[in-house]
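Reviewing the structure listed below.
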Amino acid sequence: MIRFEHVTKRYADGTKAVDDLSFEVAEGELVTLVGPSGCGKTTTMKMVNRLIEPTEGRIFLDGEDISTVDPVQLRRRIGYVIQQVGLFPHKTVLENTATVPHLLGVKRAKARERAAELLDLVGLDPKVHGSRYPEQLSGGQRQRVGVARALAADPPVLLMDEPFGAVDPVVRERLQNEFLKLQSQVRKTVLFVTHDIEEAVRLGDRIAVYGQGRIEQLDAPAAVLGTPATPYVADFVGADRGLKRLSVTPIEESDLEQPPVVRLDDPLPHDLGAPWAVVLDSSGDLHGWISAEKAAQAGEGARKATVREHARRMEAWLPLGASLKQAFATMLQHDAGWIAVIDHEGTGRFLGVLTPARLHEALRRSIDADAQAVPRTEVEVESISSR
Ligand SMILES: Nc1ncnc2c1ncn2[C@@H]1O[C@H](COP(=O)(O)OP(=O)(O)OP(=O)(O)O)[C@@H](O)[C@H]1O
C-alpha cells in the first residue's frame with residue numbers, strides 16, 4: 001500500500017534526515033516508527049503526504065508514484081493526526097469533525113450525521129461532546145476528536161505523529177486500547193510515529209526501529225523484543241525486554257486453571273476440596289469467590305446458609321485476550337493470588353483463573369515460540385529434503 005524505494009532526504013543545511021530508506025507497509029497494516037529524537041521519523045511520515053519532498057528515491061501509494069499526484073488530491077486519501085491536534089477553536093467538536101466531508105462536497109446535514117457516527121466510534125458521545133468547543137475538552141478527548149476528524153473522509157491511509165504523546169500515561173494507555181479496537185474495525189493502513197518503545201510494541205503489527213536516518217529492524221513486536229537484529233536495537237528496546245514481552249503476550253484459554261466452582265444459590269458446601277472456589281451467578285457469570293475456611297466455619301452454625309451469604313465479590317478479573325502485563329498489574333493492584341478470566345466477547349461467561357505459576361508458564365511459552373521462530377528456514381529446508 002505504501003512503498004518507499006531508496007528514499008533520501010537532505011535538508012538545505014546539509015542534514016541527512018533520511019538515508020536510502022526502502023520498506024513497504026501492507027494494506028490494513030499498522031507499522032510503528034520508533035526511535036530517539038531526531039532520527040528521521042517525522043521526516044519519513046511527512047514525505048508520504050508531501051509536506052516534505054524527498055531529495056532522492058520514490059514513494060508509492062497503492063502502486064502510484066506520489067510525486068505525480070496533486071498534493072491536495074493526495075492528502076484527501078491520507079488522514080493525518082498530530083500531537084497538537086490543531087482543532088478549530090471557534091468551531092464545535094461536531095463542526096470540527098464535519099469540516100473535511102463538508103469541504104469534499106458532502107451536504108451539511110449528511111456531513112454532521114457522519115461526524116456524529118465518527119465521534120461515537122472514537123468513544124465520545126456526540127450528544128454530550130458534539131456541541132462543546134475544543135477548549136472545553138480534556139487533552140485525551142481532544143486527541144479522540146483529532147482521530148475522528150482524520151477518519152472523516154474515510155481515507156485508506158492514516159499518518160499519526162505521536163498522537164498520544166501529550167497526555168498522561170493512564171489516559172495514553174486508554175487511548176491506545178481504544179485505538180486498537182477502532183483499528184480492528186476500520187483496518188486502515190497506518191504509519192504511527194512514537195519515541196516510546198512500549199507504545200510501538202503495543203500498537204504495531206510491525207515495528208520499524210530507527211537508527212540515524214535508517215531502519216535498523218522492521219519486524220513483528222515479539223521478534224524485535226526476542227531477537228533484536230543489531231546491538232543498537234537490543235540497546236534501544238532495553239534490557240527489560242522480557243518484561244515488555246508481557247505486554248505483547250495475550251492470555252489464552254489453555255493458560256487457565258479450573259478451580260472448584262459453586263453457584264450463588266447452592267447450599268453452603270462443607271468441603272470445597274480446595275482452599276477456595278469461584279462463585280458464579282445463575283447465568284454462569286462471575287460473581288466472586290468463597291474461601292473454604294469461611295465456608296466450613298459458617299456451615300457449622302447455619303444449616304440452611306447458601307453460598308450467597310458468604311461469597312465475596314471479585315474485582316481482579318480480565319477478559320480473555322488481555323495481555324499478561326495487564327494480568328500482572330491486576331494481580332498487584334488487588335493484591336490477588338489469582339485473577340478470574342472471562343469471555344472477551346463481553347458475555348461475562350467465566351472461563352477459568354490465571355495463577356502466577358500459569359502466568360510464568362505463558363511467558364515461557366511466548367519466549368520459546370520466538371526461539372523456535374528463528375531457525376524456521378532450517379526447519380523448512382529439512383522437511384523439504386526429507387520428502
Ligand atoms: N526543516 C529542517 N531543516 C533542517 N533540518 C531539519 C528540518 N527538519 C528536521 N530536520 C533535522 O532532520 C533530522 C530528523 O528530524 P525528524 O523531525 O524527522 O526526526 P524525528 O525522529 O521525528 O524526531 P522527534 O522525535 O524529535 O520529532 C533532525 O536532525 C532534525 O534536526
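Atoms considered below: every heavy atom in the structure, side chains included; atoms not considered: hydrogens, waters and symmetry mates. Read the numbers this way: they start at 1 and go in the same order the structure lists the ligands and their atoms. For the single chain, residues carry numbers from 1 onward in sequence order.
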#### Entry: Electrostatic pair Arg10-Glu56, nearest N-O below 4.0 angstrom
yes
#### Entry: Selection residues 1-51 - residue pairs positive for ring-ring contact (aromatic ring centres under 6.0 Å, His included), sequence neighbours left out
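Only Phe4-Phe23 qualify under ring-ring contact (aromatic ring centres under 6.0 Å, His included).
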### Query
What residue among Ile207, Val224, Val233, Leu225 forms side chain to side chain contact (heavy atoms under 4.5 Å, CB included) with Asp219?
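Answer to the side chain to side chain contact (heavy atoms under 4.5 Å, CB included) test with Asp219 among Ile207, Val224, Val233, Leu225: Val224.
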### Task
Name the orientation class of the two ring planes belonging to Tyr232 and Phe236 (parallel below 30°, tilted from 30 to 60°, perpendicular beyond 60°).
parallel
### Summary
Contacts for ligand 1, heavy atom under 4.0 Å, by chain and number, are Tyr11, Asp13, Thr15, Ala17, Pro36, Ser37, Gly38, Cys39, Gly40, Lys41, Thr42, Thr43
### Validation row: Glu253, Leu320 side chains within 4.5 angstrom (heavy atoms)
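Yes, at least one pair of side-chain atoms sits under 4.5 Å.
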### Task
Classify the side-chain pair Glu199/Thr194 by whether it contains a donor and acceptor separated by less than 3.5 Å.
yes
